[in-house]
Amino acid sequence: MRTYSPSHRVTIKDMQTGRVKHDLTGDLITIVTSKTNGRAFGTWQITATYRHPLNTIIAPNDVALIEMDAGDGSGMQAVMLGLVDRVARFQTVSGDQPTRVWRVSGSDMGKLLANIDLGWDISGLAARQQFNQIADASVNRIILQSGTAAQLVQRLFDVFRSQTKGAYYLQHIDADWLNTDDSWVLFDPYLAVTRNTPAWSALKRVANEPWNRLFTETDAKGKFHLGLERQPIKDNGKLNPRTFHTVDYRHIIAEDLGVSDDSRVNLLAHWPANYQTVANNQLDIILTHPGLTKYDEESVVAAGVQPHIIDTPFVPKNFYLDKDPVGQGVDEAIERAEIYWNWYRYNHTYESGTITTHGWPEVRSGNGLLSKATNMEYLIEQVQHSYSVWPQPVFTTTLHLTRGQQHGPPKGARVNA
């Protein structure tokens with residue numbers, strides 16, 4: 001029988017200097033963290049004893065590093081590097097006896113990407129001088145030259161990084177996980193000149209999803225990463241994540257898994273930028289090009305039309321503006337349409353739901369999960385950790401899962417037992 005003796009460590013630091021302001025480890029009562037695949041930031045909440053005046057010690061935007069040890073010999077690992085949003089007094093009364101605790105809540109470092117606008121010349125003067133009046137003085141704008149998704153994500157992150165130059169937290173954030181092989185390039189005049197917008201919104205617009213996955217993640221050593229990678233699904237619909245974790249019945253506390261018809265797709269249209277004009281003229285997505293539309297007639301008869309439209313501001317790298325827009329890169333566009341169809345057409349047959357296990361600090365959203373008992377593979381969409389000290393330390397992890405199907409050997413993925 002496997003035994004568990006979990007532990008934790010929570011450190012609060014000043015955002016600008018990195019000075020340790022308080023060690024919350026001894027004050028802690030509970031920790032809850034949550035991180036969802038493809039979201040800018042995760043969230044966390046800590047309940048602490050009332051013995052220290054935390055509202056005078058901890059301030060909004062202080063840095064919080066949350067580390068957990070499952071107690072199974074794997075050691076202490078960072079779960080979330082984030083920022084404090086709020087320190088609040090919380091009180092309940094039972095009879096005549098009040099019970100007071102502190103609640104410290106916050107988000108991971110992705111909060112900065114979601115909340116901070118990309119900064120550039122407010123007057124527009126520099127843009128007008130460089131681009132001959134293309135930008136007017138009344139609107140803040142940034143100019144994006146065409147490039148691949150990885151190049152544009154890096155370019156926008158560089159803008160974000162330059163405007164927050166000198167901040168302590170930049171020692172712990174980097175866009176060093178841009179590993180997609182996507183060669184398509186941006187082709188959308190409306191994105192070439194972009195109005196001021198939160199960094200994450202701008203990044204999402206140039207990530208070329210769903211072919212790619214834009215994500216943020218705290219690694220096991222406590223560094224925060226912005227990443228862009230190929231969607232962790234192979235061309236045939238099987239999973240192909242960076243990391244597969246395995247689980248057997250001895251680790252599972254509870255599970256709720258089943259098949260639902262909610263996400264059925266029986267009409268899929270792939271709509272790259274160079275085909276949108278044709279579609280707008282013809283007012284029918286099916287007429288853009290036969291190879292770009294996939295349709296399951298039997299499913300439509302049984303369940304009605306349930307479409308999924310994938311429109312993207314990107315085009316194949318061999319597309320040229322001065323030639324027929326429909327004829328350029330059509331083979332590559334059709335190839336992607338077929339891959340997307342393989343991803344979505346069997347959605348209604350996949351298992352989804354949750355598994356709760358003993359504490360599992362190393363697992364991340366976007367990873368794969370393999371069940372030894374059933375030989376089923378799943379995509380981990382959300383990871384929630386729950387830790388409590390009293391009456392004895394208890395640490396559990398709940399995984400929200402999708403794309404449950406029979407497992408096939410993944411190529412090039414690392415398998416963690």
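Remember, predicted model here, so these are calculated numbers, not experimental data. Below, each value reflects all heavy atoms present in this structure, side chains not excepted, and no hydrogens, waters or symmetry copies.
- Between G110 and F224, the shortest heavy-atom distance links the atoms N-CZ, 3.2 Å.
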Requested in this report: Begin from the C-alpha positions of W102 and I58 and carry the test side-chain contact (heavy atoms from CB on, under 4.5 Å) through to its verdict.
Outcome: CA-CA 11 Å; W102 291 106; I58 302 173; over 6 Å; no
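- The minimum heavy-atom distance linking V10 with D23 is given by the pair O-OD1, 3.2 Å.
- Residues N342 and K238 bring no donor and acceptor atom of their side chains to less than 3.5 Å of each other.
- Salt-bridge formation is detected for the pair D108/K35: a Lys NZ or Arg NE/NH1/NH2 atom is positioned less than 4.0 Å from an Asp or Glu carboxylate oxygen.
- Taking the charged nitrogens against the carboxylate oxygens, R264 and D261 do have a contact shorter than 4.0 Å, which makes a salt bridge.
- Of the possible polar contacts, none joining the Q45 side chain to the V32 backbone as a donor-acceptor pair under 3.5 Å is found.
- Counting only N and O atoms by type, the side chains of T30 and S388 include no donor and acceptor under 3.5 Å apart.
- With no hydrogens or angles considered, no side-chain donor-acceptor pair links S105 and D85 at under 3.5 Å.
- A side-chain N or O of H225 and one of D176 form a donor-acceptor pair less than 3.5 Å apart.
- Side chains of L401 and I380 form a contact here, defined as non-hydrogen atoms less than 4.5 Å apart.
- What you find for L257 and T354 is that their closest heavy atoms are CD2-N, 3.8 Å.
- Under a 3.5 Å cut-off, the side chain of R364 and the backbone N or O of P361 do form a donor-acceptor pair.
- A donor-acceptor pair is defined here as one N or O able to donate and one able to accept, closer than 3.5 Å; no such pair exists between the side chain of H251 and the backbone of H358.
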Query raised in the report: T398 and I355: side-chain contact (heavy atoms from CB on, under 4.5 Å), yes or no, with the steps?
Result: CA-CA 6 Å; T398 298; I355 287 180; over 6 Å; no
Query raised in the report: Do V63 and D14 pass the side-chain contact (heavy atoms from CB on, under 4.5 Å) test, and can you show the C-alpha distance, the side-chain angles, and the key distance before you say yes or no?
Result: CA-CA 6 Å; V63 175; D14 182 88; over 6 Å; no
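- Between P241 and P232, the shortest heavy-atom contact is CA-CB, 3.6 Å.
- When Q405, H407, E351 are each tested for a side-chain hydrogen bond (donor to acceptor under 3.5 Å, both in side chains) with Y378, only one passes: E351.
- Using a distance-only test at 3.5 Å, with no hydrogens or angles considered, no donor-acceptor pair links the side chain of N212 to the main chain of L228.
- How far CG of D69 is from CD of E67: 10.0 Å, rounded to the nearest 0.5 Å.
- Between Y350 atom OH and M376 atom CE the span is 10.5 Å, to the nearest 0.5 Å.
- Taking the six-membered ring for Trp and thresholds of 30 and 60 degrees, Y344 and H308 have ring planes inclined between 30 and 60 degrees apart.
- In this structure, a donor-acceptor pair under 3.5 Å is absent between the side chains of N37 and S365.
- A donor and an acceptor atom, one from each side chain of D72 and S74, are located under 3.5 Å apart.
- For Y346, the OH atom sits in a loose shell: 12 or fewer heavy atoms of surrounding residues, nucleotides or ligands are nearer than 6.0 Å.
- Of all non-hydrogen atoms in W211 and I339, the two that sit nearest each other are CH2-CD1, 3.7 Å.
- For the atom pair I252 CD1 and S371 OG, the distance stands at 5.5 Å (nearest 0.5 Å).
- Between the side chains of T36 and Q382, at least one donor N or O lies within less than 3.5 Å of an accepting N or O.
- Although no hydrogens or angles enter the test, the distance criterion places a donor-acceptor pair under 3.5 Å between the side chain of N347 and the main chain of S263.
- Side chain of Q306 to main chain of A303: a donor-acceptor pair is present (N/O by atom type, distance under 3.5 Å, no hydrogens or angles).
- Proximity of T43 to T33: side-chain heavy atoms (C-beta onward) are nowhere separated by under 4.5 Å.
- A cation-pi arrangement is not found for R39 relative to W200, the charged atom failing to lie both closer than 6.0 Å to the ring centre and inside a 45° cone about the ring normal.
- For the residue pair T397 / H385, a side-chain donor-acceptor distance below 3.5 Å is found, with atom types taken as modelled.
- In this structure, V79 and W44 have side chains that are not in contact, with every pair of non-hydrogen atoms separated by 4.5 Å or more.
- Side-chain atoms of D27 and H22 form a donor-acceptor pair, as typed in the model, at a separation below 3.5 Å.
- A heavy-atom distance below 4.5 Å is not found between the side chains of P272 and F314.
- Put simply, the side chain of S201 never gets that close to the backbone of T197: no donor and acceptor are under 3.5 Å apart.
- Side chains of Q384 and H400: a donor-acceptor N/O pair is present below 3.5 angstrom, by distance only.
- Judged purely by atom type and a 3.5 angstrom limit, R161 has no side-chain atom pairing as donor or acceptor with the backbone of A175.
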Report task. Go through the steps for R242 and E217 under the test salt bridge (Lys or Arg N to Asp or Glu O under 4.0 Å), then give the verdict. Result -> CA-CA 13 Å; R242 282 182 287 122; E217 184 177 308; 3.3 Å; yes
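- Between I309 and W271 the shortest side-chain heavy-atom distance falls below 4.5 Å.
- Under a cutoff of 6.0 Å and an axis angle of 45°, R336 and W184 form a cation-pi pair.
- In this model, no donor atom of one side chain and acceptor atom of the other lie less than 3.5 Å apart for N367 and T243.
- With hydrogens and angles left out, the side-chain atoms of Y340 and H270 include no donor and acceptor closer than 3.5 Å.
- Between E298 and the choices D296, V301, V300, the side-chain contact (heavy atoms from CB on, under 4.5 Å) rule is met once, by D296.
- The nearest pair of heavy atoms linking W360 to F395 is N-CZ, 3.9 Å.
- In this structure, CD1 in I253 is found 5.5 Å from OG1 in T396, a value given to the nearest 0.5 Å.
- Although no hydrogens or angles enter the test, the distance criterion places a donor-acceptor pair under 3.5 Å between the side chain of W343 and the main chain of K234.
- Note on R250 versus D248: salt bridge recorded, some NZ/NE/NH1/NH2 to OD/OE distance being below 4.0 Å.
- Note that the CD atom of E381 and the CG atom of L399 stand 11.5 Å from one another [nearest 0.5 Å].
- Here the side chains of P307 and L268 are not in contact, with every heavy-atom distance at 4.5 Å or above.
- For the pair K372 and Y249, the minimum side-chain heavy-atom distance is 4.5 Å or more.
- Rounding to the nearest 0.5 Å places CD of Q151 at 12.0 Å from CG of L156.
- With hydrogens and angles ignored, the 3.5 Å screen pairs no side-chain donor or acceptor of R9 with any backbone N or O of L24.
- Each of T218, T216, I173 was scored for a side-chain contact (heavy atoms from CB on, under 4.5 Å) with M109, with one residue passing: I173.
- Residues T293 and L267 form a side-chain contact, since some pair of their non-hydrogen atoms from C-beta on lies under 4.5 Å apart.
- The pair K13-D62 fails the salt-bridge criterion, with no side-chain N (NZ, NE, NH1 or NH2) lying under 4.0 Å from an Asp/Glu carboxylate O.
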